[in-house]
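Here is the structure we will look at.
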Amino acid sequence: MEFAEHIKTANVEDVVLRQPLQPPSRGTLCITGHHLLFSDREESDSRQVLLLLRNIDATEKSVENLTGYSGFFSNASHSERMSGSSGTITMKCKDLRVLQLDIPGMEQCLNIAHSIETLSCLDCVSEMYPFFYRPVELSLPEQWGLSSPEMHYSQMKELYEKWRLSTVNRDYSVCSSYPPAVIVPKSIDDDTLKKAAKFRQGGRFPVLCYYHKKNGMVIMRSSQPLLGANRKRCKEDELLLQAVIEGSDKGYIIDTRSRQQAQQARMTGGGFESKSFYSRWKRFHRPMERGKALQESLIKLVEACGDESNNMDRWLSKLENSKWLSHVQNALSTAGLLVECVERDGHSVLVHGSEGTDCSLLISTLAQLIMDPCCRTVEGFLGLLEREWIQAGHPFQQRCAHSAYSHARLQQESPVFLLLMDCVWQLWRQFPLALGFSEALLLRLATEVYASDYGTFLCNSDQERCALGVKERTHCLFQALLRPTQRDYYSNPLYERTELAIWPSVHPQSLQLWKGYFLRWTQQVRHLEEAQEEIRNMVIEWGKLACS
Amino acid sequence: MEHIRTPKVLHSMVSSVERPPTTPSGGQLILRCKDFRIFQIFIPQERDGLDVHASLARLSRPEKYSELYCLSFNPNVNKEEREESWNFIDLMADYKRMGVPNNLWVATAANGEYRVCDTYPSELFVPKSATPTIIVGSSRFRSRGRFPALSYFHQDTLAAVCRCSQPLSGFSGRCQEDEMMLQALMKSNPGSDYIYVVDTRPKLNAMANRAAGKGYENEDHYTNIKLQFIGIENIHVMRSSQQKIIDVGEMRSPSMTDFLWGLENSGWLKHIKAILDAGVFVARAVADEGVSVLVHCSDGWDRTAQACSVASILLDPYYRTIRGLMVLIERDWVSFGHKFSHRYAHLDRDPKEVSPVIDQFLECVWQLSEQFPCAFEFNERFLIAIHTHVYSCQYGTFLGNSQKERRDMRLHERTHSVWPQLWKDRGEYTNPLYKAELSQSQGVLRPNTSPYCFKMWKGLYNHAEKSTPPRQSPADFLSAVREESQQLEEELTNHQEVPPGGTAHHHHPGSRQEDRSPDGEADHLGEDRGSPEED
């Protein structure tokens with residue numbers, strides 16, 4: 001394998017592994033191109049740990065010379081001194097686990113550390129593990145994924161009258177981050193779309209992402225319009241938006257930037273829909289944190305959770321200072337505004353920020369969960385993620401290259417998807433009967449997005465995935481999650497479908513730290529899991545009795 | 001119209017009445033209650049408003065015990081039932097349950113007729129080697145005569161939790177009998193050659209007390225003790241801290257930052273953590289090290305009661321049941337002379353005596369139940385019901401400041417006990433997830449007391465949401481599931497044959513909350529949508 005050049009030492013005996021919630025164990029360590037494998041020596045109760053190297057966010061190593069001063073003064077040969085030493089590698093993972101390896105022999109330790117550091121952050125997507133993952137019980141899927149704009153459209157007969165499926169982007173030439181097919185107003189032809197796309201950043205022209213059956217109103221999303229300093233306008237873009245609210249008196253635009261940010265964006269060629277050219281659209285500015293600031297928020301929160309000073313004031317001030325819960329509150333309340341516009345006020349809404357690949361997706365996804373019972377089942381939710389995140393072009397590769405522990409300089413990392421999972425968890429906690437999936441599903445997704453056996457979260461867009469053959473050469477996570485063996489674990493035993501909107505409370509007291517994720521390697525979370533298990537058992541028991 | 005509830009508020013639950021300036025539409029009164037509910041009453045006529053205000057102000061501040069509701073409260077029970085109700089909790093039976101008396105601990109008659117200590121119960125357990133002379137001598141050397149006595153005996157390790165008040169040592173005072181008393185405590189645990197003395201006060205406060213002739217044990221005078229300070233703040237700090245957390249609960253639409261700052265600034269969770277830490281220290285010493293612990297603070301009726309009762313909850317699964325918690329409160333709080341009437345302002349007396357001491361104990365239990373969802377037989381409602389009755393004066397259980405006071409007032413003849421009532425309603429107070437055989441429920445609870453394990457007790461302090469119908473509750477649903485499962489099981493065992501078209505139904509039990517429509521919460525979504533931008 002081409003990874004061999006990075007592996008100078010593949011096996012080490014007599015290694016001690018320390019991991020959370022378990023006693024240290026001694027055994028053999030083995031490094032492969034994609035994994036770290038540790039197997040326990042105990043014959044009776046053999047334990048193995050298989051860790052995807054991609055999951056390792058940061059490593060710290062310390063080597064010490066056990067022979068001490070005597071070794072320093074003696075004439076012992078280099079190799080003797082090296083063999084009398086040992087080293088420790090601390091591995092901080094993207095799933096927030098911290099593992100430690102005590103490795104005999106300084107050289108071996110340094111070799112292992114080097115392999116881990118190199119192999120954990122290979123850039124080449126086609127060398128990543130999903131392309132090598134071939135479980136025996138699974139053949140590569142015929143059809144990849146659960147949902148697509150085509151399927152979405154064909155299932156929604158209500159759309160046919162006023163909306164059409166356009167394949168203007170079939171070769172990704174109009175918008176490189178959109179899928180080949182998108183849903184647009186019927187009255188707008190492909191030429192108009194092409195021109196409108198030129199007026200939107202990255203070509204992300206307004207497309208339909210949600211149709212509210214109760215009143216026929218829709219949610220559209222796009223990127224910012226490219227007004228620039230000269231306040232350019234684009235007739236086609238105006239026509240497209242006009243067509244969206246045909247037959248209604250107005251529409252709303254939710255801009256996820258502050259008014260000032262939107263103004264300033266004009267200096268770099270962007271901007272917002274001005275009143276004079278989009279007279280029937282009313283605009284709200286709801287600034288949301290994104291990019292680097294959001295990543296730093298996550299880093300601070302994880303740091304706070306690891307604080308061992310045992311001091312309440314310090315904890316509360318660090319929790320506040322991380323701002324993570326403020327971001328959760330803000331995302332849920334902006335999504336609430338969107339739902340209010342569509343469901344209560346009865347108007348269509350366009351959502352965008354600048355690029356339209358992060359906060360816009362976060363808001364539209366949450367709004368759909370709040371409004372649409374179809375999105376609240378396991379399949380419905382995964383389908384929603386597939387449409388709104390995978391195909392809509394959230395740049396997973398860039399956003400999730402590193403997590404909270406990495407020392408690497410931040411580039412495009414931003415935990416927008418993790419923030420989504422946290423917000424969905426808050427919904428799940430506030431409406432424990434209304435969502436069809438369990439907390440375990442959210443935890444699994446929040447983990448897989450950073451390091452996975454599956455190809456689902458690879459690449460930044462559909463175009464990239466197509467070029468690399470992701471759909472032909474890797475397995476799909478969402479399909480795996482729906483296999484009968486997994487399904488029970490990921491479904492909510494208390495679920496009962498409700499047609500009503502589930503309006504979350506955004507009062508600070510109603511929002512909590514997501515312990516299941518941020519404190520998942522503590523004993524405390526085990527008790528909560530035990531309680532979930534108990535709930536499951538009770539419902540199963542009751543179901544059996546009711547059927548007998 | 002069963003959905004329309006007429007709020008009934010006992011006068012004794014009213015903590016303050018405010019009368020904001022009258023507006024053209026009429027006047028209003030704002031009632032703040034001791035269970036942190038707030039009512040606004042609109043009164044069209046200004047005169048009426050004044051009258052109501054004056055009456056409420058007077059009625060909510062009773063001056064004499066005879067004005068209290070429990071002395072006129074007359075549920076439909078006869079004299080025998082009333083007397084029976086006072087025997088519902090039998091402390092002697094609980095001592096027996098923990099294996100006392102035995103060859104290490106014996107009952108003492110020293111405090112018969114409250115001769116030695118008038119704030120202690122008359123029946124007490126002391127080390128076998130503690131003679132009446134030692135007891136009396138020791139009690140003279142302790143604040144208010146509160147000599148060391150048994151709170152909980154741990155059968156597994158034979159170690160005990162004992163309690164007392166601070167020694168009157170000053171800078172150099174000593175007392176031979178008191179030293180012998182502690183020696184006797186040590187000897188009554190065959191497994192250990194020392195005891196812990198836990199002073200629950202901050203060390204600085206304890207040192208300051210020495211100037212007033214009080215203080216703490218000098219380790220040079222007492223052999224084989226290890227002194228440990230825990231640092232729970234005094235009743236005055238706690239009173240003002242609670243006021244701050246009540247204010248946090250009342251904030252209308254705080255930002256996350258305001259809320260977390262308010263929480264930090266109140267110091268409340270820090271105090272709750274200190275109390276839980278004290279309990280954890282005691283429980284670990286007893287269960288893990290097998291060493292007996294003597295707990296005290298100043299007078300030994302506030303922080304000491306907190307630390308001892310939290311330790312018992314952690315040590316013994318029985319106290320995590322509905323009846324067990326009643327027994328525990330009856331022992332460590334009621335019988336050992338926690339000053340209920342002073343602390344919870346039953347009468348209009350010195351406001352500096354008021355402090356939320358038992359509120360904090362109940363909250364510690366709640367925080368634990370959040371950490372161990374299957375380990376407690378009772379739910380949050382039970383804790384809140386106890387909290388309410390500590391303040392309500394509807395029952396005689398929590399009246400007065402000591403057993404002696406209650407006896408002198410003949411409360412057993414004139415009032416009712418709260419416990420049988422709560423027991424009767426236990427269906428409502430049961431945690432459906434409680435499972436005694438799960439590992440988290442068994443034996444000693446070992447909670448994590450990292451700061452992130454604590455959160456604000458929304459059920460008690462947030463009243464913006466209390467007035468709206470409850471949200472979806474998995475607990476209520478599961479209670480219904482459990483009930484239906486039991487019924488079905490009975491049906492199955494009763495008639496093995498199912499009638500055709502009979503019970504093979506599969507519908508969800510109970511009435512599930514359908515409150516997924518917008519609720520009436522004050523700062524709910526979109527309320528401040530504001531107007532769109534114009535440009």
Side-chain angles (χ1 to χ4, degrees), chain A residues 252 259 274-275 282-285 305 310-317 319-320 325-326 329 332-333 336-337 339-340 430-434 494 496 498 500-513 515 519 522-524 527-528 530-531 534-535 538-539 541-543 545-548, chain B residues 249 253-257 259-261 263-264 269-270 273 371-374 432-433 435 438-440 448 450-456 458 462 464-465 471-472 474 477-478 481-482 484-485 488-489 492 504-506 508-509 512-514 516-519 521 523-526 529 532-535:
Chain A
Y252 292 113
R259 187 178 164 74
S274 72
K275 190 85 191 149
K282 300 218 184 301
R283 216 171 62 248
F284 296 111
H285 288 278
C305 291
N310 207 18
N311 177 318
M312 184 65 74
D313 289 349
R314 200 175 148 98
W315 157 251
L316 288 172
S317 114
L319 180 63
E320 192 285 314
L325 286 173
S326 302
Q329 184 187 33
L332 281 169
S333 78
L337 170 66
V339 176
E340 182 151 315
Q430 291 187 21
F431 297 94
L433 314 182
L494 299 178
E496 188 184 57
T498 167
L500 299 169
I502 49 171
W503 293 86
S505 161
V506 295
H507 192 289
Q509 286 190 43
S510 306
L511 302 174
Q512 287 186 4
L513 177 69
K515 290 207 176 103
L519 300 169
T522 62
Q523 188 59 41
Q524 203 210 342
H527 302 314
L528 303 181
E530 207 171 27
E534 192 50 37
I535 291 177
M538 279 177 71
V539 176
E541 197 59 27
W542 164 73
L545 282 166
C547 287
S548 59
Chain B
S253 17
S255 69
M256 190 56 83
T257 297
F259 172 72
L260 290 173
W261 277 357
L263 204 56
E264 181 188 341
L269 291 181
K270 180 171 67 186
K273 174 171 156 54
Q371 199 168 135
F372 301 95
C374 307
L433 286 179
K435 217 165 186 190
L438 277 185
S439 62
Q440 66 170 270
N448 181 349
S450 299
Y452 55 67
C453 296
F454 295 82
K455 54 191 171 198
M456 183 164 168
K458 198 174 151 191
N462 182 354
E465 275 191 317
R471 294 174 156 271
Q472 290 189 328
F477 174 62
L478 288 168
V481 162
R482 171 165 278 192
E484 188 167 314
S485 292
L488 286 166
E489 223 161 304
L492 276 180
H505 50 75
H506 188 94
H508 276 80
R512 313 185 70 185
Q513 286 299 328
E514 282 294 327
R516 284 143 214 162
S517 54
D519 66 22
E521 202 179 318
D523 63 333
H524 210 271
L525 281 174
R529 189 167 94 196
E533 298 288 332
E534 301 291 334
D535 55 7

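- Applying the side-chain hydrogen bond (donor to acceptor under 3.5 Å, both in side chains) criterion to Lys515(A), with sequence neighbours excluded, gives no partner residue.
- Looking at residues two or more places apart in sequence or on another chain, you find a side-chain hydrogen bond (donor to acceptor under 3.5 Å, both in side chains) between Glu530(A) and Ser439(B), Gln440(B).
- With values rounded to the nearest 0.5 angstrom, Ser255(B) atom OG is found 12.0 Å from Leu325(A) atom CG.
- The aromatic rings of His527(A) and Phe372(B) sit tilted relative to each other, their planes meeting at an angle between 30° and 60°.
- Of the atoms belonging to Gln523(A), not a single heavy atom falls under 4.5 Å from chain B.
- The candidate with the highest count of non-hydrogen atom pairs below 4.5 Å against chain B, out of Thr522(A), Ile535(A), Leu319(A), is Ile535(A).
- What you find for Ser510(A) and Lys458(B) is that their closest heavy atoms are OG-NZ, 3.4 Å.
- The CZ atom of Arg314(A) sits 14.0 Å away from atom NZ of Lys270(B), with the distance rounded to the nearest 0.5 Å.
- Looking at Ser326(A) and Thr257(B), their side chains come closer than 4.5 Å, going by heavy atoms from C-beta outward.
- Interface remark: of the candidates Asn311(A), Leu519(A), Leu511(A), Leu519(A) forms the most heavy-atom pairs closer than 4.5 Å to chain B.
- Once rounded to the nearest 0.5 Å, the distance linking CZ of Phe259(B) with CD of Gln509(A) reads 4.5 Å.
- Contacts of Lys455(B) with chain A are made by side-chain atoms alone, with heavy-atom separations under 4.5 Å and no backbone atom involved.
- Between Glu264(B) and Ser317(A), the closest heavy-atom pair is OE1-CB, 3.2 Å.
- A distance of 9.5 Å separates CG of Asn310(A) from OH of Tyr452(B), quoted to the nearest 0.5 Å.
- Separating the CD atom in Glu534(A) from the CG atom in Leu433(B) is a distance of 6.5 Å, to the nearest 0.5 Å.
- Once rounded to the nearest 0.5 Å, the distance linking CG of Leu528(A) with SG of Cys374(B) reads 9.0 Å.
- Comparing Asn448(B), Leu478(B), Leu263(B) by heavy-atom pairs within less than 4.5 Å of chain A, the highest count is held by Leu478(B).
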